[in-house]
Amino acid sequence: MRSDRYALPTEPADATTRRTFLKIAGSGLVLALAPLPLPSGADAAAASGRGFAPNPFLIIAPDDTVTVVVKHLDKGQGSATGLATLVAEELDARWEQVLTEFAPADATRYNNLLWGPMQGTGGSTAIANSFLQYRKAGATARAMLVAAAAKAWGVPAAEITVQQGRLAHVSGKSATLGEMASAAAEQSVPAEPALKQSKDFVHIGKRFQRVDSVAKTEGRPIFTLDVQQEGMVVAVVQRPPRFGGRVARVDAAAAKAIKGVVDVLTIPEGVAVLATSTWPALKARDALRIEWDESAAERRGTPELMTELSALLDRPGTVARKDGDAGKALAGAAKVIKADFEFPYLAHAPMEPLDVVIRFDGAKATLWLGSQIQTMDQAVAAAILGLRPEEVEVNTLWAGGSFGRRATFGSPFVAEAAHIARAYAKPVPIKVMWTREDDIRGGYYRPAYRHRIEVGLDGSGKIVAWRNRIAGQSIMTGTPMAPQMVKDGVDTTSVEGASTLPYAIPNLEVELATQTTGVPILWWRSVGSSHTAHATEHMLDIIARETGQDPVALRLSLLAKHPRHRRVLERAAQMAGWAEPSPDGIARGVAVHESFNSFVAQVAEVRLDGKGGFKVERVVCAVDCGIAVNPDNIAAQMEGGIGYGLGHALRDAITLKDGVVEQSNFHDYEPMRISDMPTIEVHIIASTEPPTGVGEPGVPPIAPAVANALLAATGVRTLALPFTRQRYAKG
């Protein structure tokens with residue numbers, strides 16, 4: 001349920017100052033204002049043939065439309081609206097005249113400034129890396145339009161105002177942006193256009209309709225599934241039932257006999273069936289007779305894999321953080337509290353499964369897909385097809401969710417499409433489709449993990465030692481990002497949220513043991529924080545219960561040096577009425593966590609059903625994500641993150657038996673239902689800090705907040721997710 005009860009941030013007039021810029025630059029965003037290979041205004045306009053294009057990020061057409069070129073995939077998280085807001089703000093455009101389109105694959109112009117020479121979306125970086133870049137793009141266009149008007153009207157530029165998409169002078173002369181676009185293209189491009197102070201914002205921090213709302217409601221945006229082209233065929237792939245399996249022999253006679261089937265191809269990923277439409281392709285796939293070579297396949301099931309993780313916790317791992325001497329402090333503690341946590345494999349399960357349309361004529365290839373890392377998709381397809389990257393055109397389309405699934409190293413689903421196109425060798429469009437079953441069974445899961453946390457208390461109940469051992473697979477090892485993300489054997493994504501624990505504990509140690517399996521894994525919405533937040537925040541409530549302390553008060557006592565954690569915790573507790581008695585039958589739990597440089601606290605209200613189960617009735621969320629570019633979008637992402645995190649924590653797990661995934665669709669990997677969704681209130685903390693991500697930080701606190709409410713109500717510790725593995729009844 002949406003709520004209008006969230007605070008709109010206010011900022012001092014000097015929020016966008018050199019101090020703020022230096023903070024952004026210090027976090028890696030200095031490239032946002034670094035020189036880029038931007039064409040001149042006249043050259044860009046001529047090249048585009050569409051109007052005034054002073055830089056790669058916007059085009060002002062004679063019809064007075066302002067098209068913002070969006071370099072990030074919008075898969076529902078609202079990045080297109082966010083980037084359009086930044087341009088519209090500095091351009092002083094009317095929101096109604098703003099359009100968006102996705103950028104082509106070109107890292108020289110559209111790279112993610114936090115990733116280096118790569119164009120892509122992920123890690124909640126879209127607004128964070130583009131905040132100054134897109135504002136500067138709008139300010140550049142505005143300055144050139146003003147200069148053009150000043151020249152045309154023979155007046156000083158300082159006397160010209162721009163409001164709601166119209167240039168005006170006190171003499172009464174005025175023009176729309178479109179009317180002045182051609183003249184503006186003749187002006188020189190300013191190196192450092194002036195940016196607005198926050199007191200003058202008319203779009204940033206305000207509430208208005210998303211750029212995609214009406215179109216999606218009317219069914220107008222084109223997702224990959226919607227693409228229809230003349231002569232197009234549909235391809236589906238039969239992949240091995242066990243990860244690591246390979247095709248040994250294929251009998252395709254029965255499949256080829258089905259009406260509509262045009263070809264059956266063996267590719268590295270399995271056996272592809274091509275047909276005139278989806279139904280005959282699926283029927284033919286079922287008719288294939290395949291013998292698999294499973295000599296290198298993963299054959300272990302979940303029990304064996306989890307047993308191995310437990311064994312890894314029985315011995316010291318590689319140290320990821322070491323403050324003081326946790327071992328010595330534990331040995332001398334008056335009391336030691338220990339808990340082992342277990343987290344299953346999780347599928348991403350976006351509403352739109354993987355899909356891509358590819359056309360290859362031998363000299364050039366074109367892709368249509370919800371591309372999350374455009375230049376990687378481009379490079380992978382080019383390598384397989386024997387082309388140069390610039391000979392592969394990537395058309396990014398809207399995507400129906402991802403949660404990380406479309407950002408896979410090596411772009412395996414794009415590679416699969418490229419192999420099919422190369423083997424088919426006909427210059428026709430091929431739509432490669434994954435079914436829901438393909439997606440659930442297809443791997444690239446959030447890894448399974450186990451944690452062991454040992455906490456030492458002194459005689460007064462004060463925490464004197466904390467040791468957290470973590471065991472699980474490494475997402476980054478063996479990838480191009482390993483040199484940056486794997487340090488001394490520690491994958492930072494395995495320990496983030498645990499190794500960065502903010503609480504003031506004198507002896508704190510975090511260790512990691514890495515498991516090797518054949519199960520393909522990938523980041524999942526909030527990555528390491530998806531498990532570390534639950535283990536650390538639930539453990540803190542276990543300690544509070546053992547020592548008779550209030551969970552909020554305990555956290556605040558340990559967060560003296562972390563004011564942003566404190567602010568969201570205090571706001572969530574205040575708005576939830578933490579200091580007041582809970583309503584009859586309701587138990588409250590709290591959690592606070594930082595991820596992707598955003599700070600989120602949540603209070604969950606839970607009601608037991610008397611049958612060992614429960615219902616989450618209400619969640620109060622406070623978020624500090626720096627300057628709030630789009631408050632409505634921030635609230636929506638917190639709500640979506642809470643629903644996503646809660647939906648998976650309630651009952652979802654990917655399990656294997658003898659190496660074969662047991663789940664297949666939403667009947668046995670059940671997503672969040674509307675009947676499960678609690679009432680959610682989102683409160684945004686006013687801030688002058690640079691904007692940070694909101695796509696993922698809403699996920700980590702929800703499971704521990706619910707677990708802590710259940711602990712308060714029943715005394716039952718939720719040490720293994722999903723929640724269905726425990727029964728909750730008052731003892």
Side-chain angles (χ1 to χ4, degrees), residues 36 38-71 80-104 109 133-197 200-204 206 208-212 214-215 220:
L36 292 172
L38 306 185
S40 71
D43 289 346
S48 71
R50 297 169 56 190
F52 170 43
N55 51 60
F57 306 108
L58 81 158
I59 303 167
I60 302 175
D63 66 1
D64 206 33
T65 56
V66 176
T67 299
V68 177
V69 182
V70 175
K71 70 178 186 177
T81 297
L83 298 182
T85 300
L86 301 176
V87 170
E89 182 64 70
E90 297 293 346
L91 181 61
D92 277 311
R94 296 190 327 276
W95 187 245
E96 295 74 19
Q97 73 186 120
V98 176
L99 307 173
T100 62
E101 67 181 36
F102 291 115
R109 294 183 294 167
Q133 185 182 50
Y134 272 68
R135 287 181 64 193
K136 181 180 177 181
T140 297
R142 185 186 190 278
M144 295 172 71
L145 287 160
V146 168
K151 181 178 179 180
W153 300 338
V155 300
E159 295 180 1
I160 295 175
T161 60
V162 187
Q163 290 182 325
Q164 288 291 300
R166 178 169 287 275
L167 299 107
H169 184 256
V170 292
S171 64
K173 294 178 179 178
S174 69
T176 65
L177 302 182
E179 289 169 342
M180 197 57 66
S182 179
E186 302 300 323
Q187 303 300 309
S188 60
V189 179
E192 293 295 335
L195 300 180
K196 288 184 180 180
Q197 294 187 350
D200 298 320
F201 287 162
V202 296
H203 292 301
I204 293 175
K206 306 304 189 290
F208 48 84
Q209 185 170 270
R210 283 172 52 142
V211 298
D212 53 339
V214 173
R220 285 193 276 119

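Keep in mind it's a predicted model, so treat the numbers as computed, not measured.
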| said: Nearest 0.5 angstrom please: Thr65 OG1 to Leu58 CG, how far? | reply: 10.5 Å
| field | Least distance between heavy atoms, Ile60 atom then Ala181 atom | value | O-CB, 3.7 Å
| task | Compare every heavy atom of Leu177 with every heavy atom of Asp64, then report the nearest pair and how far apart it is. | result | OD1-N, 3.3 Å
| said: Assess whether a salt bridge exists between Lys173 and Glu159, defined as any Lys/Arg side-chain N lying under 4.0 Å from an Asp/Glu carboxylate O. | reply: no
| Could you give the distance from CZ (Arg135) to CD (Glu90), rounded to the nearest 0.5 Å? | 4.5 Å
| query | Which heavy-atom pair separates Ala184 from Leu145 by the least distance, and what is that distance? | reply | CB-CD2, 3.7 Å
| query | Are the side chains of Glu192 and Lys136 in touch, meaning some heavy atoms are under 4.5 Å apart? | reply | yes
| For Pro56 against Val69, the heavy-atom pair lying closest together | O-CB, 3.5 Å
| field | Any donor-acceptor N/O pair, Thr81 side chain to Val211 backbone, under 3.5 Å | value | yes
| said: So which atom in Val66 and which in Ala93 form the shortest heavy-atom distance, rounded to 0.1 Å? | reply: CG2-CB, 4.4 Å
| query | Side-chain contact, heavy-atom cut-off 4.5 Å: Met144 with Glu186? | reply | no
| With a 4.5 Å limit on heavy-atom distance, are the side chains of Met180 and Phe52 in contact? | no
| Student check: side-chain heavy atoms of Pro193 and Arg142 closer than 4.5 Å | no
| message | Side chains of Thr67 and Arg50, heavy atoms from C-beta outward: is any pair under 4.5 Å? | response | yes
| Do you know the tightest heavy-atom contact between Ala150 and Pro156? | CB-C, 4.2 Å
| field | Mutual orientation of the aromatic rings belonging to Trp95 and His203 [parallel < 30°, tilted 30-60°, perpendicular > 60°] | value | tilted
| task | Tell me, please, which residues at least two apart from Thr85 pass side chain to side chain donor-acceptor pair (under 3.5 Å). | result | Asn630
| message | Measuring from atom CG of Asp63 to atom CD of Glu179, what distance do you get when rounded to the nearest 0.5 angstrom? | response | 11.5 Å
| Taking side chain as C-beta onward, heavy atoms only, is Asn55 less than 4.5 Å from Tyr134? | no
| query | Do Glu89 side-chain atoms and Leu86 backbone N/O form a donor-acceptor pair below 3.5 Å? | reply | no
| message | For Gln187 and Lys151, which I'm curious about, is there any donor-acceptor pair between the side chains at under 3.5 Å? | response | no
| request: May I ask you to decide whether Lys196 forms a salt bridge with Asp92, counting only side-chain N to carboxylate O separations under 4.0 Å? | output: yes
| Is there a donor-acceptor contact under 3.5 Å from the side chain of Lys206 to the main chain of Phe201? | yes
| message | Could you check whether Thr176 and Arg166, counting side-chain N and O atoms only, form a donor-acceptor pair closer than 3.5 Å? | response | no
| said: Using the rule given for side-chain contact (heavy atoms from CB on, under 4.5 Å), can you reason through Val87 versus Val98, listing the C-alpha separation, both sets of side-chain angles and the distance that settles it, and then say yes or no? | reply: CA-CA 9 Å; Val87 170; Val98 176; over 6 Å; no
| Min side-chain heavy-atom separation Leu83-Phe57 under 4.5 Å | no
